[in-house]
Amino acid sequence: MLELPTGPLVTTAWLADHLGEPNLRIVDARGKVLPPTEPKPHYFARHDDYAAGHIPGALYLNWLEDIVDLDDPVPTQIAPPDKLARVLGERGIGDDSIVVIYDDWFSMFAGRVLWVLRYYGFEQARILNGGLLKWQAEGRPLTTVVPHYPPATFTPQPQPSLRKTADQILASLDSAATLLIDARNLAEYQGHESRAVRGGHIPNAAHVFYQSLLSAEDHTFSPPEVLRERFTAAGIDLDTLEDREVVAYCNGGVSATPTALAYELITGRRAAIYDGSWNEWGNDLTKPLAQ
């Protein structure tokens, strides 16, 4: 039986050694997000890039359709359990699968898929550290062959502690028991840029830009000691967080996931994600903000 390493990541060498394992499911989650200064729409899937070449055995999951609730007015909210069970089951991802997810942009789309799986109680999933950039830099194979796996049964088991709503965030704003971390870029955090009608950040949120936590060259996560320095520089005392709930947010609950994973790599504890993030909070004129 194939066993995953501990922690949220696997290496390219590990994945290369296990290609073709019968219960392994590799997920290509490549997507694109335009800067907030660009005209809308900002969000895109990249199935064409998958079709042009992907890691052998990899399936494609569309982060804008397959894992979201298309009926929710807030963009990219997590898919309801029945939809996710259907989508994953049809792709051959089931309760007995081992899942490795990758993208080519700082693991934010892969991180979102990992968070969705974890929210629904699926623990046998990891992110490919460095994603497609590192895989290609090492000269590892790509293919255009689209795999077809037999249908499987995926059983959602929601873990409410991993997902926060706007009401929960609002109720916790003055609580010392919660730490909010904004993963967007500094201009967005300071209110100079925004994807919403309002600019700024949620009051009392610290700022840890997700891209600062990974290598700019191959998009691997920085070593734990470097990650710790990044959080400390943001005014976060990691040694006092054991009894606090940590919640990361961004614009749509996607780029917040690398920041949440960096926190996990340092502490061994998981952060929750505010799913609505700034796409919800920044467009709600009743919610308080800071700049």
Side-chain angles (χ1 to χ4, degrees), residues 8-12 14-16 19 24-36 38 40-68 70 75-79 84 87-88 90-93 97-118 125-149 183-185 195 210-211 213-221 250-261 273:
L9 309 176
V10 296
T11 65
T12 50
W14 184 95
L15 182 59
L19 288 180
L24 176 64
R25 299 292 180 266
I26 306 170
V27 172
D28 185 315
R30 279 178 282 177
K32 185 176 183 179
V33 176
L34 294 180
E38 296 291 329
K40 291 183 177 181
H42 291 150
Y43 297 158
F44 301 90
R46 291 170 51 203
H47 186 273
D48 288 349
D49 290 331
Y50 165 81
H54 51 265
I55 294 175
L59 302 155
Y60 185 74
L61 282 183
N62 183 329
W63 74 287
L64 291 176
E65 295 181 3
D66 293 333
I67 60 173
V68 305
L70 296 176
T76 72
Q77 297 300 279
I78 191 170
L84 195 73
V87 168
L88 297 183
E90 289 174 350
R91 307 291 178 83
I93 298 174
S97 299
I98 297 289
V99 178
V100 175
I101 317 146
Y102 71 89
D103 61 38
D104 61 359
W105 190 256
F106 296 93
S107 289
M108 62 183 256
F109 303 103
R112 177 67 179 188
V113 175
L114 177 66
W115 175 76
V116 168
L117 292 173
R118 284 176 161 186
R126 302 289 187 271
I127 285 176
L128 180 63
N129 195 19
L132 194 62
L133 269 66
K134 185 171 177 57
W135 183 270
Q136 289 184 283
E138 294 169 345
R140 301 190 187 275
L142 297 179
T143 184
T144 58
V145 176
V146 177
H148 296 281
Y149 298 106
R184 299 173 300 159
N185 68 46
R195 300 184 193 279
Y210 76 100
Q211 290 185 26
L213 304 169
L214 297 91
S215 163
E217 286 72 35
D218 64 6
H219 293 191
T220 53
F221 279 86
C250 51
N251 284 297
V254 178
S255 61
T257 60
T259 297
L261 288 169
I273 299 294

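Here the rule is side-chain contact (heavy atoms from CB on, under 4.5 Å) with Asp66, and of Leu88, Leu61, Val27 only Leu61 fits it.
If you take OH on Tyr210 and OG1 on Thr257, they are separated by 9.5 Å, rounding to the nearest 0.5 Å. Residue Thr259 holds its OG1 atom at 10.5 Å from CE of Met108, rounded to the nearest 0.5 Å. The CG atom of Leu132 lies 6.0 Å from the CG atom of Asp104; values are rounded to the nearest 0.5 Å. In this structure, CG on Leu128 lies 10.5 Å from CG on Leu133, to the nearest 0.5 angstrom. To the nearest 0.5 Å, the span separating CG on Leu213 from OG1 on Thr220 amounts to 12.0 Å.
Looking at heavy atoms from C-beta onward, Arg118 lies in side-chain contact with Pro8 at the 4.5 angstrom threshold. Counting only heavy atoms from C-beta outward, the side chains of Val254 and Trp115 never approach each other to under 4.5 Å.
At distances below 3.5 Å, at least one donor-acceptor pair connects side-chain atoms of Arg25 with backbone N or O atoms of Gly92. Not one N or O on the side chain of Thr144 forms a donor-acceptor pair closer than 3.5 Å with the backbone of Ala51. The backbone N or O of Ala110 sits less than 3.5 Å from a side-chain atom of Asp103, completing a donor-acceptor pair. Judged purely by atom type and a 3.5 angstrom limit, Arg112 has no side-chain atom pairing as donor or acceptor with the backbone of Ile67.
The two atoms that bring Trp105 and Gln211 nearest to each other are CZ2-NE2, 3.6 Å, heavy atoms only. For the pair Pro35 and Arg195, the tightest heavy-atom approach, listed with the atom from each and the gap, is C-NH1, 3.7 Å. Among all heavy-atom pairs drawn from Pro258 and Leu214, the shortest one is CB-CD1, 4.1 Å. Heavy atoms only, all atoms of each residue included: Ile127 and Ser107 are closest at CG2-OG, 3.6 Å. Among all heavy-atom pairs drawn from Trp63 and Tyr43, the shortest one is CH2-CG, 3.5 Å. Residue Leu142 comes nearest to Pro56 through the heavy atom pair CA-CD, 4.3 Å, listed as atom of the first residue, atom of the second, then distance.
Partners of Ser215 according to the side-chain hydrogen bond (donor to acceptor under 3.5 Å, both in side chains) rule, which considers only residues two or more places apart in sequence or in another chain, are Glu217, Asp218. The side chain to side chain contact (heavy atoms under 4.5 Å, CB included) test applied to Gln77 returns Asp72, Val74, Arg163, Asp275, not counting sequence neighbours. Taking Thr12 as the reference, Glu138 meet the side-chain hydrogen bond (donor to acceptor under 3.5 Å, both in side chains) condition, with sequence neighbours excluded. Shown here are the side-chain hydrogen bond (donor to acceptor under 3.5 Å, both in side chains) partners of Asn62, two or more places apart in sequence or in another chain: there are none. Not counting sequence neighbours, the partners of Ile26 by the side chain to side chain contact (heavy atoms under 4.5 Å, CB included) test are Leu15, Leu19, Leu24, Ile55, Ala58, Tyr102. Taking the salt bridge (charged side-chain N to carboxylate O under 4.0 Å, His left out) definition, one finds that Arg126 meets it with nothing, sequence neighbours left out. Not counting sequence neighbours, the partners of Ala16 by the side chain to side chain contact (heavy atoms under 4.5 Å, CB included) test are Trp135, Arg140. Partners of Ala256 under the side chain to side chain contact (heavy atoms under 4.5 Å, CB included) rule, at least two apart in sequence or in another chain, are Ala183, Ala248, Cys250, Ile273. For the salt bridge (charged side-chain N to carboxylate O under 4.0 Å, His left out) test, residues two or more places apart in sequence or in another chain that qualify with Arg30 are Asp28. With sequence neighbours excluded, no residue satisfies side-chain hydrogen bond (donor to acceptor under 3.5 Å, both in side chains) with Tyr60.
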Evaluate the side chain to side chain contact (heavy atoms under 4.5 Å, CB included) criterion for residues Ile93 and Val99: first the C-alpha distance (whole Å), next the side-chain angles of each, then the deciding distance (0.1 Å), finally the verdict. CA-CA 8 Å; Ile93 298 174; Val99 178; 3.9 Å; yes

For Asn251 and Val33: C-alpha separation, side-chain torsions, deciding distance, then whether side chain to side chain contact (heavy atoms under 4.5 Å, CB included) applies. CA-CA 10 Å; Asn251 284 297; Val33 176; over 6 Å; no

Walk me through whether Leu9 and Thr11 qualify under side chain to side chain contact (heavy atoms under 4.5 Å, CB included). CA-CA 7 Å; Leu9 309 176; Thr11 65; over 6 Å; no

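The stretch residues 47-58 participates, sequence neighbours left out, in these side chain to side chain donor-acceptor pair (under 3.5 Å) pairs: Arg46-Asp49.
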